[in-house]
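Below is one structure, written out as structure tokens, with a few remarks after it.
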Amino acid sequence: MFGRDEKVSHARLTAVQYIILGIFFLLAYGLWSLQVAQSDRYSSLAEKNRVRNVPILAPRGLILDREGRTIVKNYPSFTALLLRDSSRDLLADSDVIARGLHMDPKEMRERIRKFATMPQYQPIYLKDDITQDELAFIEAHRNELPELDTIMAHRRLYPRNGFMAHLVGYVGEVSEQMLNQPRWELYSPGDVVGKSGAELEYNSILMGKNGYRRAIVNSRGKEVGRLEETPAVPGKQLKLTIDLDLQVAAEQALEGKNGAIVAMDPRNGEILAMVSRPTFDPNNFSIRISRDQWTKLVNDPDHPLLNKAIQAQLAPGSVFKIIMATAGLQEGIAQDMKVTCNGGASFYGRYFKCWVVADHRVHGLVDISKGIYQSCDVFFYTLAQKLGIQRIAKYATAFGLGQKTGIDLPQEASGVMPSEEWKLRNFKQKWYAGETISVGIGQGAVAVTPIQLARAIAGITSDGVMHRPHVAFPQQLPSNLIPASASDDDVRVPIDPKNWEIITNAMANVPTPLGTAGSAHLQGIDFAGKTGSAQTISNMTKAKLARGKADFKDNAWFVGVTPRRSPEIVVAVLFEGGEHGQFAARIAAQVVKAYVDKQRRQPTKVAKGDGNVEVGAVWNATEGDGEVLRSGHFILPASKKRVPLAVAAPGFD
């Protein structure tokens, strides 16, 4: 029924056995090939499937004004990275990458060589703030160029047109020279740090701590998984003592001129405004400034990188007469001193002119008060002769001239206050009595900075009390960042109350028809000050040079306060080439008026907000409740009234 059993032939069974044996031989060969013959190759490939640390860059802290309005902010951007933890020849791919990122191939090869001695896990930051087409190039070449990657970065956005550039400063990539200094020894190539101004001074506060994520990558460098992530710690905010409304007024007052303005609260040393002209655009530094741009800035004869408020060392001219008056009164010499000015006088065999000779006038009989508000040179020549250089230097040094003020900004200059010891130490020569005459009117070897002059006059009008100038509130700083030099402490120089009244009352007559700055008078404001003009070269030298007088115009100075005694604000103005102090006084008057007007009205803000108000906007969007238009105006939401961008939103595009 079922049929007989069928048997497999011996030949067929043998064939099947040989086939199975062959399969085993093939498997054994494959195993041998993997484990022995090509073990190095596959081991290398396996090694490339490993963990990579990808940095997460920390954003720098915002910089705010005293009312919490943003001065410096950040914007998101992409940075091109070159990863060095693969076996690829980076130099071989450098030309292709350079073309795709619009870089100089030579510069790129140099950056690769520069990092040759660094650990391989540390990537090279190739290009900051890359464009959309450069980002597309990287994405399109992920397979061919696995060493090329991108990372999110937060770039600095500064006010435009150099607004507050010298005070705020700028950031840039840490240089090799900086890395050799103790302050920067813990930083790495590619780190972005403060290079000047408050950005440099308070870099440790503003700079956060970078994080990282651990990613699993395959042999082609492609990320195939993530293990863990340590988030970046953003930098802390820095609130400055600057009042943006006053800063705007100061910037506008000096617009189109070279020089500096310092506005300070004499009661505590807080800097309310600081301007230096000409200026520069710090946004050019926040990515990477070109060699041509840098060369142009460095070689500019007007020195746009110099913060003239704290670094310009120039003769103060007649503003120095306030120091002289204080010394003369305190020493009991000037109270009853009267001098007849006929346009000049002879001292030690040389004739010294008074400035009024140029106007074909004379001052006549002059006492200490008239000597101040009409700035009579002959009176102060005579006073200088009676005081002598040692007593002059004693009072000038007591009020901080010839030494740093201790302001919390880098590279402050110390100026020069000459004396017998100074000349012997620096020139190995003795001091001649005739040299004292020029010093008496703020000429000769005397050299001051605007911040020094502001502090000195503030001290005299504040009954001899001087505070260390500062741009950041000390209470927000860690103890190790609070300056601790001798000049940081409050200084008190005793002044007799009667002498104090004589000086300040005379200063109050300066911006009136009686004084040298009548055109700077402010109706209804107790405004006092002192004008000055100082030669940049001697008249004899000027006459010998081929260039005209216009190339060597006198510098104009003015330091003013309100009110005249125990003032709330002091404003020092240096107007380079301004010739006459009255023109510097007009500039200072604009700043003082802006301050008084703000104090008299209910304080208003540039835009509404929650206490962290933006000065302006950089995108086509709304910041606070105001909108910046492409036409360069700022719309206040309440009235929809257009106001100039320079006033409502200083410096932002």
Side-chain angles (χ1 to χ4, degrees), residues 158-172 175 177-178 194-201 240 242 247 250-251 253-264 271 273-286 289 291-317 319 401-416 446-455 469 471 532 534-537 551-559 571-578 584 587 651:
Y158 296 99
R160 63 180 173 86
N161 297 331
F163 182 88
M164 280 185 70
H166 296 89
L167 190 153
V168 169
Y170 60 88
V171 296
S175 65
Q177 183 180 5
M178 292 171 68
K195 289 293 192 79
S196 73
E199 290 275 29
L200 171 58
E201 186 74 14
L240 301 180
I242 297 298
Q247 182 72 27
E251 298 265 358
L254 203 59
E255 186 64 36
K257 307 173 183 69
N258 286 355
I261 296 177
V262 175
M264 183 179 74
I271 300 297
M274 181 180 286
V275 182
S276 180
R277 285 289 186 274
T279 187
F280 62 94
D281 188 353
N283 289 297
N284 293 334
F285 292 84
S286 62
I289 191 168
R291 189 182 300 274
D292 290 342
Q293 286 177 306
W294 175 253
T295 301
K296 183 178 179 181
L297 286 171
V298 170
N299 294 332
D300 192 319
D302 290 326
H303 308 293
L305 294 177
L306 187 75
N307 184 355
K308 294 176 181 177
I310 65 171
Q311 294 176 308
Q313 303 176 89
L314 300 167
V319 179
L401 302 189
Q403 56 198 294
K404 296 179 181 180
T405 65
I407 189 171
D408 51 341
L409 288 174
Q411 300 176 332
E412 180 188 9
S414 59
V416 174
V446 183
V448 302
T449 63
I451 187 68
Q452 285 178 344
L453 216 51
R455 183 171 181 251
V471 301
Q535 294 177 330
T536 53
I537 60 173
D551 294 324
F552 304 103
K553 290 182 179 179
D554 293 351
N555 292 327
W557 286 91
F558 182 82
V559 181
V571 179
V573 175
L574 164 64
F575 178 9
E576 291 182 309
I587 295 171

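In this text, all values refer to a predicted model and were calculated from it rather than measured experimentally.
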Restricting to non-hydrogen atoms, name the atom on Ala454 and the atom on Ala572 that form the minimum distance, rounded to 0.1 Å.
CB-CB, 3.7 Å
Please identify each residue that fulfils side-chain contact (heavy atoms from CB on, under 4.5 Å) with Thr449, with sequence neighbours left out.
Gln313, Ala413, Ile451, Gln452
Can you find a heavy atom in the side chain of Met164 that is under 4.5 Å from one in the side chain of Pro159?
no
If you look at every heavy atom in Glu199 and Tyr158, which pair is closest and at what distance?
OE2-OH, 2.7 Å
Can you name the nearest heavy-atom pair linking Pro282 to Gly169, along with the distance?
CB-O, 3.7 Å
For the CZ atom of Phe285 and the CH2 atom of Trp294, what is their distance to the nearest 0.5 Å?
5.5 Å
To the nearest 0.5 Å, atom CG of Leu167 lies from atom CD1 of Ile242 at 4.5 Å
Mind checking side-chain contact (heavy atoms from CB on, under 4.5 Å) for Asp292 and listing every partner two or more places apart, or none if nothing turns up?
Ser290
Which residue in the set Leu574, Val573, Val559, Val262 passes side-chain contact (heavy atoms from CB on, under 4.5 Å) when paired with Leu453?
Val559
Does Gln411, at its CD atom, have more than 12 non-hydrogen atoms belonging to other residues, nucleotides or ligands within less than 6.0 Å?
no
At their closest point, which heavy atom of Gly194 faces which heavy atom of Leu200, and how far apart are they?
O-CD1, 3.4 Å
Over all atoms of both residues, closest heavy-atom pair of Asp408 and Glu201
O-CG, 3.2 Å
Distance check, rounded to the nearest 0.5 Å: Met274 atom CE versus His166 atom NE2?
11.0 Å
Kindly write out the residues that satisfy salt bridge (Lys or Arg N to Asp or Glu O under 4.0 Å) with Glu576, not counting sequence neighbours, or none if the list is empty.
Lys308
Pairs in or reaching into residues 273-282: which pass side-chain hydrogen bond (donor to acceptor under 3.5 Å, both in side chains), with residues at least two apart or in two chains?
Glu251-Arg277, Asp281-Asn283
Could I get the full list of ring-ring contact (aromatic ring centres under 6.0 Å, His included) partners for Phe575, not counting sequence neighbours?
none
Rounded to the nearest 0.5 Å, what's the gap from CD1 on Ile271 to CG on Leu409? Could you check?
8.0 Å
Decide yes or no for Trp557 and Leu314: does some side-chain heavy atom of the first lie under 4.5 Å from some side-chain heavy atom of the second?
yes
When rounded to the nearest 0.5 angstrom, what is the spacing between CD in Gln311 and CG in Leu305?
9.5 Å
Check: Ala309 main-chain N/O paired with Asn307 side-chain donor or acceptor under 3.5 Å:
yes
Of the non-hydrogen atoms in Asn555 and Gly577, which two are nearest, and what is the gap between them?
OD1-N, 3.1 Å
